[in-house]
Every structure is written in structure tokens, then in C-alpha cells.
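Just below is one structure, and these are the notes that go with it.
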Amino acid sequence: MNIAQYHSIIDSLPPHVRLVAVSKNSPVSDISQLYKEGHRIFGENKVQELQKKHELLPQDIEWHFIGHLQRNKVKYIAPFVKMIHAVDSLPLLIEIDKQAKKNNRTIACLLQFHIAQEDTKFGLSLEEAEKLLNDEAYNTLKNIELQGVMGMATFTSDINQVKIEFQKLHSIFISLQEHFFKNCNTFREISMGMTDDYSIAIEEGSTLVRIGSAIFSSR
Ligand SMILES: *Cc1c(COP(=O)(O)O)cnc(C)c1O
């Protein structure tokens, strides 16, 4: 846990960028400590771990699910999750809508794009996203709100490559905004940037940085 580092990150963020503190693998006590510093937005990538932490911690925490989400597990987090970052298919979006409706709520979602060179990372192409957004089934969904895009850059020390990938995500965001979300001010988030690349992500237009190890490990 590195509270000083947390404050230096928070102090360095431009006003339009929010921090998702990625607390995966970190104990409840660390999250409590950050909560006492006033932080409210936390990110987790495993359903069971998120459920457990949600039960044990204050109810006004905004929980963001940032990992790959299986359809059959949506029901466990639908009662409380604030935002799901990594939506990469229409069937998943339909399931999130269904479970949100059961709980009388709306769940904010981001479409995940494949911008990295590694093929292990999940995500859509621009074409696939356009197909999803043009699908009649998408247009009937009332309990999800698509608020933007999310992506992860290649794990590399080549800053230029990371920059190009973030620029690509930004241009995907602009294109979708123009073609599908014109005059819709709720489509506004670009979730990109982690411990090693968040400064570049902010330069390239990030509005949500997802930072874990810089805050939670005491290196
Ligand atoms: C773990 C994780 C992060 C945070 O990574 P750090 O390098 O620890 O900052 C961000 N986004 C996703 C999707 C993650 O799984």
C-alpha cells in the first residue's frame, strides 16, 4: 500500500480524468484505508472477489468490473455494480440488460476494443462494434447505458507503440460518437491507462485511468 503515491497520482490528474483504483488481489483493509482518504471508485476483475468485497465494505463505493465477464456470472454483480468496462459481445450486453432490469437499475457499460498487438487480449474491432450497434436487439435494451470505450495497450517498453494504440482507441471513440451517439452526452468515457502507461493515456484523451500496482503494492 502506497498512500503517498496515491495522492501524487490524484494530484497529477487533469480535472476530466477519474481514477479507478484497481484493488484486485488487495485486501479489504487496503481498500478501507483508501476509502478513508476519500476515494470511492474501485475496480475488480473477478466476480467472486468483487461480491465478497462489496459485502464487507461501505455501500457508497462505486464498483467497476474491469475484467473479462462471463454471461452466467452477470447476475451476481448486477445488483450493485456501477460500470462494466469490458463488454465485447451483444449476448453479454443483452444479459447485462436483463439482470439490470431484474434489479430495477441501469448499468453503465463500455465496449472493449482490441488495440494491442498481443492476441491474448479480448475486445472488438470497430467493424464488430458497428455491427453490434446496428443490431435491432441492441436498440431494444433499456437497462444498460453505453458510456464509452475501453482498451489495453500492448505490454511493451516501446512508448511510441503504446501511444499509437491509445490514439487508435481515441479515434474509435470519436467515430462511434459521431455515427451512433451524436447529441448524446452520456457517451463520454475512454477507459485507458494503467500503472505503466497512464501518463501517455491521459495525453491521448483518457477519461478513466485504471491503476493498481502503483497504489496497492509497496514497491
Ligand atoms: C490489473 C488491471 C489493471 C491495473 O494494472 P496495474 O498495472 O496494476 O496498474 C488495469 N486494467 C485491467 C483490465 C486490469 O486487469
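Read the numbers this way: they start at 1 and go in the same order the structure lists the ligands and their atoms. When reading the values below, keep in mind they use all heavy atoms of this one structure, side chains included, and skip hydrogens, waters and symmetry mates. The first residue of the sequence shown is numbered 1, and numbering continues consecutively from there.
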For [atom], find the nearest protein heavy atom and state the residue, atom name and distance (0.1 Å precision).
| atom | value |
| --- | --- |
| atom 9 (O) of ligand 1 | Thr195 OG1, 2.5 Å |
| atom 13 (C) of ligand 1 | Ile66 O, 3.5 Å |
| atom 5 (O) of ligand 1 | Met194 CE, 3.5 Å |

Which of parallel (below 30°), tilted (30 to 60°) and perpendicular (above 60°) describes Phe216 and Phe42?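 Because their plane-to-plane angle lies in the 30° to 60° range, the rings of Phe216 and Phe42 count as tilted.
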With heavy atoms under 4.0 Å as the rule, classify the contact between Lys24 and ligand 1 as side chain, backbone, both or neither.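 Just the side chain.
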Would Val28 end up clustered with Phe80 when hydrophobic side chains under 4.5 Å apart are linked, directly or stepwise?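 Looking at the clustering, Phe80 is in the same group as Val28.
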Joint cluster assignment, Ile202 & Ile174, ILVMFWY side-chain distance < 4.5 Å: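 In one cluster: yes.
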Looking at CD of Glu203 and CD of Gln167, how far apart are the two atoms once the value is rounded to the nearest 0.5 Å?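 CD of Gln167 is found 10.0 Å from CD of Glu203.
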Rounded distance (nearest 0.5 Å) linking atom NE2 of His85 with atom CE of Met152: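 Answer rounded to 0.5 Å: 12.0 Å.
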Would you mind running through ligand 1 and noting each atom that sits below 4.0 Å from a heavy atom of [X]?
| X | value |
| --- | --- |
| Ile211 | 9 (O) |
| Gly212 | 4 (C), 6 (P), 8 (O), 9 (O) |
| Arg210 | 4 (C), 9 (O), 10 (C), 11 (N), 12 (C), 13 (C) |

Counterpart residues, ring-ring contact (aromatic ring centres under 6.0 Å, His included), relative to Tyr6 (two or more places apart):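 With neighbours one apart ignored, the set is His39.
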